[in-house]
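One structure below.
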Amino acid sequence: MTRHPRRRWLLAPALLALFAAYAVAPASAGRSTTPQAAARATAPTPLLAQHGFADPAIERYAGGVVGAATGPANAIRATAPGPAGPFEDLPPAFESWPSWAVPDQDVWAPDLVKVGSRWLMYFAVRVSGVGAQGRCIAVAAASTPDATFAPVGDRPLVCPTNARTPRAEDRVRGRARDLPREGVIDPSLFRSRKGRLFLLYRTQGTPSTIRMVRLTGGGTRVPDDQRSRQLVRSRGIVENPVLVQRDGRFVLLTSEGWFGHCRYRTLWQRSRSVWDWADSRAHVLLDRGSTGICGPGGADILQEGRVSRLYLHGWVCGEGSTTPCPADFAKGEGVSTPGERRALYGARLRWTVTARPYLGRFLEP
């Protein structure tokens, strides 16, 4: 880092307060310094809250926008005429399971994309051999995003070597001092400006890692000479990767922490190399203090030209309510809150000239 001669400054009280607030930001991730990241008095209104819509993946299609989310009934889906809704439910995405998966289960964090003339859905499903919640990543295809998806291939796209499945396209080798052996989740497709396809995902357990592997042009296989590589590693939980390319830089969004707390938050970091993130620093994009949302995470970016929209989930509590859960909310710790669910929110995502993202206005339903 280049150091400059010390100068004397007269700081206004408001500026001193700003520096003080930055000084107490969590050490694990720097807080955004853009004016738009200032604390908000109240949470925005969810775009969809009548049921859970966690880990959203939102895409544009001929009928408007379509989304898929974590949930039962073979993946939750919804569609809307425009980016802000109103959203209406679609039938379940699947009528059949991959032959190697445990049947009749929840689908985690699907990613819905169009590749060529068909639509693909990447999703995490439970398998044997990797623990009670261990999962592997599958891919399914359909002619339109609101049609029924059929699994592609007879083996997982990504899976640990210890899973009781056919040999995966990308085999993740876990060792006691390297990676957990609990599975892989949170698939996310990245398309480079040259049209090359890559799949990002998270290894389950801690330490957690974000990995990426090159895919074939059709998006359903890993080339024979390709293996996944680690991009980010954390002693805690880092998940839900989304990668975009902006003004000569690569920007990675992830969620940090336990998903069932209001402290769950969304981070961003950037790099000039798609494979090298060693010197990249994580910054806070969304947290409860800046949005009013309980646990803002699972973010996805809908990019249309130069316009970026951000979709995310947050906990709301109370039957029929859109009120964020209280700050001490804790999912899965022996206490059940009536009406707890992760609602869908949307916002404009803004960018500085150096490809730093910051939060714009929330979308109103």
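- Between the side chains of Glu239 and Ser255, no donor N or O sits under 3.5 Å from an acceptor N or O.
- For the side-chain contact (heavy atoms from CB on, under 4.5 Å) with Ile210, the lone residue among Thr203, Asn240, Leu200, Leu243 that qualifies is Leu200.
- Arg155 is not listed as a side-chain neighbour of Thr165, based on a closest heavy-atom distance of 4.5 Å or more.
- Side-chain atoms of Ser143 and Trp119 form no donor-acceptor pair, as typed in the model, at a separation below 3.5 Å.
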Worksheet item: Between Cys294 and Cys325, does a disulfide bond (SG atoms under 2.5 Å apart) hold up when you go through it step by step?
Response: CA-CA 6 Å; Cys294 174; Cys325 295; 4.9 Å; no

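- The main-chain N or O of Glu182 is never found under 3.5 Å from a side-chain atom of Gln133 such that the two would form a donor-acceptor pair.
- Put simply, the side chain of Pro156 does not reach to within 4.5 Å of the side chain of Val127, judged on heavy atoms.
- Between the side chains of Ser273 and Ser271, no donor-acceptor pair of N or O atoms lies under 3.5 Å.
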Fill in: Candidate pair Ser208 and Thr206, rule side chain to side chain donor-acceptor pair (under 3.5 Å), full reasoning
CA-CA 4 Å; Ser208 54; Thr206 54; over 6 Å; no

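- Ring pair Phe123/Phe94: centre-to-centre distance below 6.0 Å.
- A cation-pi arrangement is found for Arg229 relative to Trp275, the charged atom lying closer than 6.0 Å to the ring centre and inside a 45° cone about the ring normal.
- Relative orientation of the Trp258 and His261 rings is perpendicular, given thresholds of 30° and 60° on the angle between their planes.
- Evaluation of the salt bridge (charged side-chain N to carboxylate O under 4.0 Å, His left out) rule for Arg60 yields Glu304 as partners, not counting sequence neighbours.
- Between Ala84 and Leu47, the shortest heavy-atom distance links the atoms O-CD2, 3.6 Å.
- Residues Arg281 and Gln269 fail the side-chain proximity criterion, which asks for heavy atoms closer than 4.5 Å.
- Residues forming a ring-ring contact (aromatic ring centres under 6.0 Å, His included) with Tyr201 (at least two apart in sequence, or on another chain): none.
- Atom CZ of residue Arg202 and atom CD1 of residue Ile237 lie 5.5 Å apart, to the nearest 0.5 angstrom.
- A heavy-atom distance below 4.5 Å is found between the side chains of Val244 and Trp351.
- Aromatic ring pairs are classed by plane angle as parallel below 30°, tilted from 30° to 60° and perpendicular above 60°; the pair Phe329 and Trp315 is tilted.
- With 3.5 Å as the limit, one finds a donor-acceptor pair spanning the side chains of Arg211 and Ser228.
- A cation-pi contact links Arg135 to Trp108, judged by a cut-off of 6.0 Å to the six-membered ring centre and 45° from its axis.
- A donor-acceptor contact closer than 3.5 angstrom is absent between the side chains of Ser188 and Tyr122.
- Residues Leu253 and Val251 are in side-chain contact: their nearest non-hydrogen atoms beyond the backbone lie under 4.5 Å apart.
- Although no hydrogens or angles enter the test, the distance criterion places a donor-acceptor pair under 3.5 Å between the side chain of Thr79 and the main chain of Val65.
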